[in-house]
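Worksheet: one structure, shown below.
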Amino acid sequence: MQDMKKLAQLLKQIEDQLVVCMRCGMCQSVCPVFAETGRESDVARGKLALLDGLLQEMFNDSDGVQERLLRCLLCGSCAANCPSGVKVLDIFIKARAIITSYKGLSPVKKIIFRKMLARPELFDRLMEWGSKLQGIFIKPVDELLGTSCARFTSPLGDRHFSSLAPKSFHRMVPYLNTPAVDSGMKVGFFVGCVIDKVFPKIAQAVLHAMKHHDVGVFIPKDAGCCGIPALSSGDTNTFNNLVRYNLKVFSAEKFDVLVTACATCTSTIKKLWPTLAEELSPQELDRVKDLAGKTMDISQFLVEKLGVREAAAAETGEKTLVTYHDPCHLKKSLGIAAQPRTVLQTNPAYQLREMTEADQCCGCGGSFNLQHYDLSSAIGKHKRDNIVESGCSVVATSCPACMLQISDMLSRAGDRVKVKHAIEVYAESLDKK
Amino acid sequence: MISQTVIKEFESILGKDGVFLDETDRHTYSYDAAVLEPVLPSVVLRPERSEQLGKLVRLCNENAIPLTVRGAGTNLSGGTIPTKGGAVILTNALKKILEINSEDLYAVVQPGVVTAKFAAAVEAKGLFYPPDPGSQAVSTLGGNVAENAGGLRGLKYGVTRDYVMGLEFFDVNGEIVKTGARTVKCVTGYNLAALMVGSEGTLGVFDKIILKLIPMPAGRKAMMAIFNDMARASETVAAIIANRIVPATLEFMDNFTIRAVEDYSHVGLPVDAAALLLIEVDGHPAQVEEDAAKVESLCKEMGAENIRVARNAEERDKVWEARRTALSALAKLKPTVVLEDATVPRSKIPEMIQALEEISCRFDLTIGTFGHAGDGNLHPTILTDKRNKEEWHRVEAAIDAIFDKALSMGGTLSGEHGIGMAKSRFLEKETSRGTILFSRRIKAALDPKGILNPGKIIGE
């Protein structure tokens, strides 16, 4: 009983945000997890009621509540559609941290986050070992998509995952600091873990585009993870360390905009760094806010800062049909949906054709995919169906995590659809010029 | 508590996945959208086929287990709160549209079909299902029928009741009962559907619903009339009806609501206006033009400061976006929102609006008023914080006062939200002791053990 009081006390800090929910239940219409299961504990209203129940000491199943809190993609569909404006993501992330601090982080996560993720140099080295060894355990199944499946029975089950790149991006470009030329602009480039280790070609496309526009680029040595995997598992300690670490490495140079090609990194830096990082000095907090304020998605940067526009409709030539998937962390969190589409239409070799429900979550949700693979796949299946139905041969998006999920879904169904980042499509058009 | 033997039987019917026993899961079915205390059910059941549903009802009755059916849990009067514990039966896996018949203009659905999805499927065939309750994006048709849900189009098109052609439901013994038909005319047997619509799950459990469909109106036109005087706006509502014009929608918004909406959604509402009327006429294009012109000149005559007629679909969407965001915009202002729906004969709208202003002053409460003025169904929305006990007492007193006022004008306690738990103690005020006793005799005859959503509407 003492414990119950203690947890309730800890949860007090989110009480004012919790009471905003009026239990109208409108979140049921947009939650991808609820659409699959029909279970109230899977939708925001149910989770908020459970947190409220713990707070009111109506019951004491903190394990059960934590388990249900983690059955969430953090896609933000509910928050974007909430009539009362409940800050659902804020609440869930804080609640995960509170319950984790109360119960303690699981030993496995402790090792992953505190011993690996929080130490970028070590993390990089371990992942390299992983990329060298993976050939022994996995076999390529789909060269078009670049996915693999496990050679032996493994904890990964029958998923077709995009394997670690043989050479991660930071090996190709460990450090970069080029001056602004004609454009007078210089960007910091936050590469992010998935692009660095799985899709270095995306980072190369970013550099290609920046070079084309004479934009100076700064990439610090050993940049860290944005911290979302730790934060979403409730490990604020690691998150705080990573924010501070990144702040330090990016402070080494001056730049106008911090660009990323990862929707999740963008939204984490813009929305979560300034509000959820703790134990920062007032000066550090000011700098975090400054950095967050000038962080942009790469397509947003091209359109808003460099004035990139759609190509004039070319009458001739066969076009590749491309459809676009809206990552939740760009559209629902940051309202960025038009810019990537503009970027796709700069390439005259492509024609954009919308799929239905383009902004429906792909079901990846980072570690959600690892913990709830079946549910994640069921949600991803709808995305796959909509992509295939669009009749396009390429699906583009703005988030490497979505690309992992979509590649897995398409590969398992044996579809011949390529998955690309919007910036790759843009860079291809530069090749031809 | 429910015995292990019965739980085993539930599991043999539904499989383990369809029976939620975990306390944490059960907590998420202890509330609905009404501002009332939650009550924990002992078990939650999720059937996927209709024969499972019948078996569950019979099993609950045999073991005297209270049973509350739940669709999306958006009820605003506590109808889906399992007041006596027992079993909650979810309908959201019974979600098939069984038939949409374009030749005979009807549809057959399972109870868990979501209202908006159904409306869209019907519209795809060029037909129209008018009832559009505010929660339609998530609400289920079973819930709509059980509550006799309304919406914005009640004035011209009526409410859910007007679209129920027939029902198949399980009685408390799990026997199937059929009433109504797929035909326009049907006098076969008692008109049981009329009894079941709005019975809030106290008399039987719906299995199939036959709904009437109508052709989609060919034309529509929306406009916004702006008033500097609240009384003029409300008198205009009465005048439009008195002039034999029946708009599809005729919505009212007071100054407080206008400002909240504009702050929230920036749709360009006149924030200085005392009141707004949002009006849409529909039907044959020629008639639409004529009605719109008449409404416009009537508004002018009645002293509207300005009238904005939507010139295209985009402008029309803007008008309705303003109305649709009203509740959201108000809800954002305070933690607790009490949405009332006392309804008066439409000629009494001016008087009711004035009374609401007085009540807001007398109890020193913030009340934003908007709603379906055309059918007399206003939504005075009280903004409060339930944690403030002293203010909450004043809220309860104000609700009593609103009911008394509505009843004194020949109105009714609830236009569309139902009686449930929230209003059952007021029922006798509007009806009579005899009405309650008569209703209880029906209930006792059909549900001798009193297991079907006990305590709702008529108390015990």
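Here is the naming used below: chain letters follow the sequence lines, and residue numbers restart at 1 for every chain.
If you measure heavy-atom distances from A:Val20 to chain B, the contacts under 4.5 Å come from the backbone alone. Heavy-atom distances place the side chain of B:Arg70, and not its backbone, under 4.5 Å from chain A. For B:Asp17, the part sitting under 4.5 Å from any heavy atom of chain A is the backbone (N, CA, C, O) and nothing else. Using a 4.5 Å cut-off between heavy atoms, B:Ala93 does not touch chain A at all. Proximity to chain B is limited to the backbone of A:Thr37, based on heavy atoms less than 4.5 angstrom apart.
Applying the 6.0 Å contact sphere to NZ of B:Lys386 captures more than 12 heavy atoms from other residues, nucleotides or ligands. Within 6.0 Å of NZ in B:Lys96 there are 12 or fewer heavy atoms belonging to other residues, nucleotides or ligands. The number of heavy-atom neighbours closer than 6.0 Å to NZ of B:Lys95, taken from other residues, nucleotides and ligands shown, is 12 or below. Atom CD of B:Glu48 is surrounded by 12 or fewer heavy atoms from other residues, nucleotides or ligands within 6.0 Å.
Closest heavy-atom contact between B:Ala33 and A:Cys24: CB-CA, 4.0 Å. Taking every heavy atom of both residues into account, A:Ser84 and B:Lys332 meet most closely at O-CG, 3.5 Å. Across every non-hydrogen atom of A:Ser29 and B:Ala137, the tightest pair is CB-O, 3.6 Å.
A salt bridge does not link B:Asp32 with A:Arg45: none of the charged nitrogens is closer than 4.0 Å to a carboxylate oxygen. Electrostatic pairing of A:Arg68 and B:Asp22 counts as a salt bridge here, judged by a charged N lying under 4.0 Å from a carboxylate O.
Counting heavy-atom pairs closer than 4.5 Å to chain A, the top residue among B:Glu23, B:Arg46, B:Lys117, B:Lys334 is B:Arg46. Considering only heavy-atom pairs separated by less than 4.5 Å from chain B, the leading option among A:Gly64, A:Ser41, A:Cys82 is A:Ser41. By number of non-hydrogen pairs under 4.5 angstrom with chain A, the leading residue of B:Val138, B:Val337, B:Leu76 is B:Val138.
A donor-acceptor pair is defined here as one N or O able to donate and one able to accept, closer than 3.5 Å; such a pair exists between the side chain of B:Asn92 and the backbone of A:Gly38. Put simply, the side chain of B:Tyr31 never gets that close to the backbone of A:Ala49: no donor and acceptor are under 3.5 Å apart. Checking side-chain atoms of A:Gln28 against main-chain N and O of B:Ala72 turns up a donor-acceptor pair under 3.5 Å.
Not counting sequence neighbours, the partners of B:Ser414 by the side-chain contact (heavy atoms from CB on, under 4.5 Å) test are B:Asp341, B:His417, B:Ile419, B:Lys423.
Rounded to the nearest 0.5 angstrom, B:Thr336 OG1 and A:Met22 CE are separated by 11.0 Å. The distance from the CZ atom of B:Arg387 to the CG atom of A:Asp16 is 5.0 Å, given to the nearest 0.5 Å.
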Original post:
Hey, mind stepping through A:Leu50 and B:Thr24 against side-chain contact (heavy atoms from CB on, under 4.5 Å) and telling me if it holds?
Top reply: CA-CA 7 Å; A:Leu50 288 178; B:Thr24 307; 3.6 Å; yes
